[in-house]
Amino acid sequence: MSFTISLLSLTLSSFCLLLVLISCFSGGYSSSSSSAAPTRIGKGYRLISIEDTSDGGFLGHLQVNQKNNFYGPDIPLLQLYVKHESENRLRVHITDAEKQRWEVPYNLLPRDQPPKPKQAIGRSRKKPISVLEIAGSELIFLHTVDPFSFAVTRRSNGQTLFNSSSGGGDSFGEMVFKDQYLEISTQLPEDASLYGLGENTQPHGIKLYPNDPYTLYTTDVSAINLNTDLYGSHPVYMELRNVGDKPYAHAVLLLNSNGMDVFYRGNSLTYKLIGGVFDFYFFVGPTPLDIVDQYTSFIGRPAPMPYWSLGFHQCRWGYHNLSVVEDVVENYKKAKIPLDVIWNDDDHMDGHKDFTLNPINYPRPKLLAFLEKIHSIGMKYIVLIDPGIGVNSSYGVYQRAIANDVFIKYEGEPYLAQVWPGAVNFPDFLNPKTVAWWGDEIQRFHELVPVDGLWIDMNEASNFCSGKCTIPEGKQCPSGTGPGWECCLDCKNITKTRWDDPPYKINASGLQVPIGFKTIATSAVHYNGVLEYDAHSLYGFSQAIATHKAFQGLEGKRPFILSRSTYVGSGKYAAHWTGDNKGTWEDLKYSISTVLNFGIFGVPMVGADICGFYPAPTEELCNRWIEVGAFYPFSRDHANYYSPRQELYQWESVTKSAQNALGMRYKLLPYLYTLTYFAHISGAPIARPLFFSFPAFKECHGLSTQFLLGSSLMVSPVLEQGETKVKALFPPGSWYNVFDMTQTVVSKGQYFTLDAPLHVVNVHLYQNTILPMQQGGMISKEARMTPFTLIVSFPAGASKGEAKGSLYLDNDELPEMKLGNGYSTYVELYATLDQGIVKVWSEVEEGKFALDKGWIIEKVTVLGVGGSEKISALEINGSSVAPDACNVELSSMKQKHLRDLEDGQENSKSLMVNITGLKLPVGENFSMSWKMGIQS
């Protein structure tokens with residue numbers, strides 16, 4: 001189940017215990033681990049040789065200048081490998097030249113391997129010169145010899161994107177490379193905007209904020225803790241800067257799974273790692289969309305999502321029996337609130353044990369009957385699985401796990417921890433045998449209960465205890481009373497190895513707790529002798545890969561996996577939710593930044609617990625939260641066991657807001673599904689910051705209270721208590737309210753104050769867009785079969801304009817999301833306005849699937865056209881159509897403009913034109929045109 005102990009709400013006794021643990025583990029901390037002030041360690045390295053390699057790269061060797069023992073001895077000789085892997089990606093890899101070091105496994109994240117240490121490659125170059133340029137088509141690598149540093153520049157404008165040279169200044173020191181401490185820095189321009197480095201809850205919004213702590217180490221810490229390492233580790237940042245009046249974006253990935261602190265000081269950024277290698281990847285951009293395309297091309301494209309996953313989801317920890325779940329589904333139906341997926345936390349389990357059913361509260365015959373009922377109307381059912389397997393000799397899952405030897409080991413025995421079932425062992429998903437065993441257990445469970453997706457939680461991995469534990473004799477653990485998350489095993493701290501007590505202390509959990517605190521002991525061992533110390537942050541990622549593989553193998557259908565812990569590449573296998581948030585206005589606001597960050601991380605299917613996981617939202621807050629959450633890519637209401645019920649129908653006012661906001665979401669499903677297609681083929685986020693579409697508009701670089709769906713649908717929600725208006729930033733152009741398309745905002749790039757009474761959320765469509773919509777419904781399956789409407793938006797009152805859009809349709813049960821299989825259709829949509837002539841047409845690829853489904857376009861609405869309300873010369877597919885012939889009707893309506901009244905311009909006049917009664921097959925090319933009357 002999804003519950004974590006907030007570090008902000010520790011009891012006094014727990015906090016004192018935590019301080020004792022910190023003291024026992026640490027032996028004291030360096031000031032550098034808690035302060036933003038730089039500490040210089042050593043005098044760096046010098047380049048002693050360079051050679052090119054047979055694969056087109058360059059191989060060099062670095063020798064330490066002056067050894068010291070601060071944080072341990074220096075590694076004396078390093079190997080430098082540089083390669084332009086593509087036109088838009090440069091790799092810089094630095095490791096021990098004499099022995100192999102830990103790296104993210106190449107089978108988990110497939111990529112080219114650098115030369116192995118000691119391997120003689122290629123022909124030797126002449127003596128290194130003071131500066132060497134290794135140029136690619138877009139990026140240039142330069143270095144200095146002594147002390148060694150390197151820079152990456154952009155060829156087109158000469159801008160330096162990364163520069164590890166301290167330049168003799170005091171911002172940071174030279175590169176450090178020890179066994180358990182690695183440090184490297186880069187200079188940054190003061191006015192740059194940085195994004196990424198997660199997962200954390202950022203109180204200042206989506207932009208990285210100088211001197212805020214950024215620690216990356218997967219941890220079961222509630223998302224209400226600010227600036228703290230949370231469930232995922234994503235050591236990548238995107239930088240957006242303006243050169244002259246032109247925006248340029250680039251990204252930097254440090255592919256390393258070890259714990260790290262990252263210090264951003266405004267004019268520099270410093271990495272401090274506790275292991276592994278420097279494995280940098282530089283992505284050239286130059287646009288934010290180019291960045292995510294290049295990044296996901298490398299780490300893995302986001303997973304295809306089934307259509308129903310874009311519907312609304314309802315969950316709660318505390319649905320004690322099947323009757324409660326049945327009532328929830330029925331109450332959503334009665335309230336006329338759309339619902340696609342009903343979830344169980346661990347309430348369905350027998351004693352919290354994975355892959356089991358509670359025979360009393362969730363008897364299998366009744367559960368199967370319930371599932372048959374909801375499946376018949378298109379609804380789905382998802383349940384939770386935690387990684388910890390209960391230690392129980394009569395439990396078949398555990399028996400088979402022991403027989404297959406799948407658990408992580410400590411001193412040769414399965415590492416013992418405690419989670420919800422009590423004593424547990426953790427599967428080692430780096431072991432191929434574990435992946436096979438896990439797949440078999442999922443298949444067995446699916447035969448027991450035909451679930452439609454799986455929710456993998458607590459996979460940081462979370463442990464209610466710390467250290468080396470044993471099962472206590474003579475007492476029940478857990479006792480069955482009190483909080484289930486209190487440790488009841490007999491445990492001893494582990495401080496005897498350097499893996500449990502490393503010399504440098506990252507700012508774990510925001511309190512510099514030991515890195516083995518409340519997780520797997522870091523000296524525990526995975527398959528092939530891999531240490532938990534190195535692989536810790538890969539646990540949820542490796543579990544997601546195994547779960548995705550298993551679920552895809554069940555029936556050959558497209559999987560839906562939701563994972564709490566994520567790493568670089570997780571989006572290829574799983575969706576994500578932002579974890580245990582709180583029902584507060586602040587958490588509502590924070591959720592937007594976190595959701596937008598995950599789009600940058602390559603995990604576009606993401607959302608936060610609507611109305612807050614705990615403790616209890618107010619009625620007003622839940623109204624406002626569904627107005628935001630209805631537009632998260634992943635839209636789910638989820639609540640804590642100890643919280644009051646907060647399904648959307650619990651309040652009459654929230655019901656109304658949900659009907660309005662979710663009603664619009666369900667009309668937008670074809671647009672959202674098309675966005676998932678683009679996410680899958682190019683990494684483009686579903687929800688994205690405004691700067692993705694308006695990178696040159698500096699005012700939106702830090703904007704975290706509004707967001708876009710796709711390139712042109714902007715959500716501007718109320719995020720503060722008691723407000724009935726919202727101040728929203730509108731980039732330059734014309735924006736149309738999708739709830740009332742006669743309402744237009746014409747902006748020169750400014751804020752407008754919009755009416756936003758309790759049940760209203762402002763969502764606006766940008767000019768030059770064609771938006772495909774349907775008529776909505778209570779379930780996505782029925783909504784999907786309703787006729788289409790195309791919304792065409794031109795600049796308000798313009799005499800000339802263009803608009804474009806697209807539509808992707810497929811059989812969403814197939815594993816692949818692609819054209820060419822006979823079960824998909826792709827439509828490009830176009831419109832022009834020129835001298836009073838409006839043209840709208842489509843170009844269809846592989847139309848058979850859409851034709852077989854019988855989808856039609858019933859209505860076309862065009863926004864922003866100038867001229868009079870008199871319309872003539874309607875043609876459809878080259879044939880003249882008389883008004884009202886064949887049930888086709890034309891109508892027009894004046895639009896109302898909200899604009900800056902001080903700009904001295906007359907209020908522009910524009911029209912909304914509707915053509916209804918159409919029966920245009922989506923799967924066939926169509927064209928239509930008409931003439932607007934001349935404005936007198």
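Owing to the predicted nature of the structure, the values given are computational and were not obtained by experimental measurement.
The pair Glu239-Arg241 meets the salt-bridge criterion, with a side-chain N (NZ, NE, NH1 or NH2) lying under 4.0 Å from an Asp/Glu carboxylate O. Under the 4.0 Å criterion applied to side-chain N and carboxylate O atoms, Glu813 and Lys557 are assigned as salt-bridge partners.
At least one donor-acceptor pair under 3.5 Å links the side chain of Thr674 to the backbone N or O of Pro670. Distance alone, capped at 3.5 Å, places no donor-acceptor pair between the His250 side chain and the Gly285 backbone. Checking side-chain atoms of Thr744 against main-chain N and O of Gln895 turns up no donor-acceptor pair under 3.5 Å. Gln706 places no side-chain N or O within 3.5 Å of a backbone atom of Ser716 that could act as its donor or acceptor partner. Under a 3.5 Å cut-off, the side chain of Arg89 and the backbone N or O of Ser86 do not form any donor-acceptor pair. At least one donor-acceptor pair under 3.5 Å links the side chain of Asp812 to the backbone N or O of Tyr307. In this structure a side-chain-to-backbone donor-acceptor pair under 3.5 Å is missing from Tyr766 to Pro731. Under the 3.5 Å distance criterion, the side-chain polar atoms of Ser711 are left unmatched by any main-chain donor or acceptor of Ser693. Looking only at distances, a side-chain donor or acceptor of Arg665 sits under 3.5 Å from a matching main-chain atom of Ala630. At least one donor-acceptor pair under 3.5 Å links the side chain of Thr287 to the backbone N or O of Asp290.
A donor-acceptor pair shorter than 3.5 Å can be found between the side chains of Gln775 and Glu858. No side-chain donor-acceptor contact under 3.5 Å links Asp293 and Ser682. Side-chain atoms of Ser910 and His897 include a donor-acceptor pair closer than 3.5 Å. Counted by atom type alone, Tyr677 and Asp810 present zero donor-acceptor pairs between their side chains at under 3.5 Å. The closest side-chain donor-acceptor pair between Thr742 and Asp740 falls under 3.5 angstrom.
No more than 12 heavy atoms of other residues, nucleotides or ligands lie within 6.0 Å of CE in Met893, so this atom counts as exposed by the packing criterion. In the displayed structure, Glu875 atom CD is contacted under 6.0 Å by more than 12 heavy atoms of other residues, nucleotides or ligands.
In this structure, the ring of Trp855 has its center less than 6.0 angstrom from the ring center of Phe849. The ring of Phe601 has its center no closer than 6.0 angstrom to the ring center of Tyr195. Remark: aromatic rings of His576 and Phe634 are distant, center separation not under 6.0 Å.
Considering only heavy atoms from C-beta on, Ile592 comes within 4.5 Å of Leu719 through its side chain. Between Thr832 and Trp841, the closest side-chain pair of non-hydrogen atoms falls below 4.5 Å. Two residues are said to be in side-chain contact when any heavy atoms from C-beta on lie closer than 4.5 Å; His764 and Leu754 meet this criterion.
Between Leu771 atom CG and Leu709 atom CG the span is 10.0 Å, to the nearest 0.5 Å.
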Show me the donor-acceptor pairs, under 3.5 Å and distance only, between side chains in residues 814-830 and residues at least two apart or in other chains.
residue : atom : partner : partner atom : Å
Asn821  : OD1  : Tyr823  : N            : 2.8
Asn821  : OD1  : Ser824  : OG           : 3.4
Ser824  : OG   : Lys818  : O            : 2.8
Thr825  : OG1  : Glu846  : O            : 2.7
Thr825  : OG1  : Ala850  : N            : 3.1
Tyr826  : OH   : Glu828  : OE2          : 2.9

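Pairs passing the side chain to side chain donor-acceptor pair (under 3.5 Å) check and including a residue from residues 595-604, sequence neighbours excluded, read Gln202-Asn597.
Annotation: ring-ring contact (aromatic ring centres under 6.0 Å, His included) contacts of Phe794 (sequence neighbours excluded): none.
The aromatic rings of Tyr281 and Phe298 sit tilted, their planes meeting at an angle between 30° and 60°.
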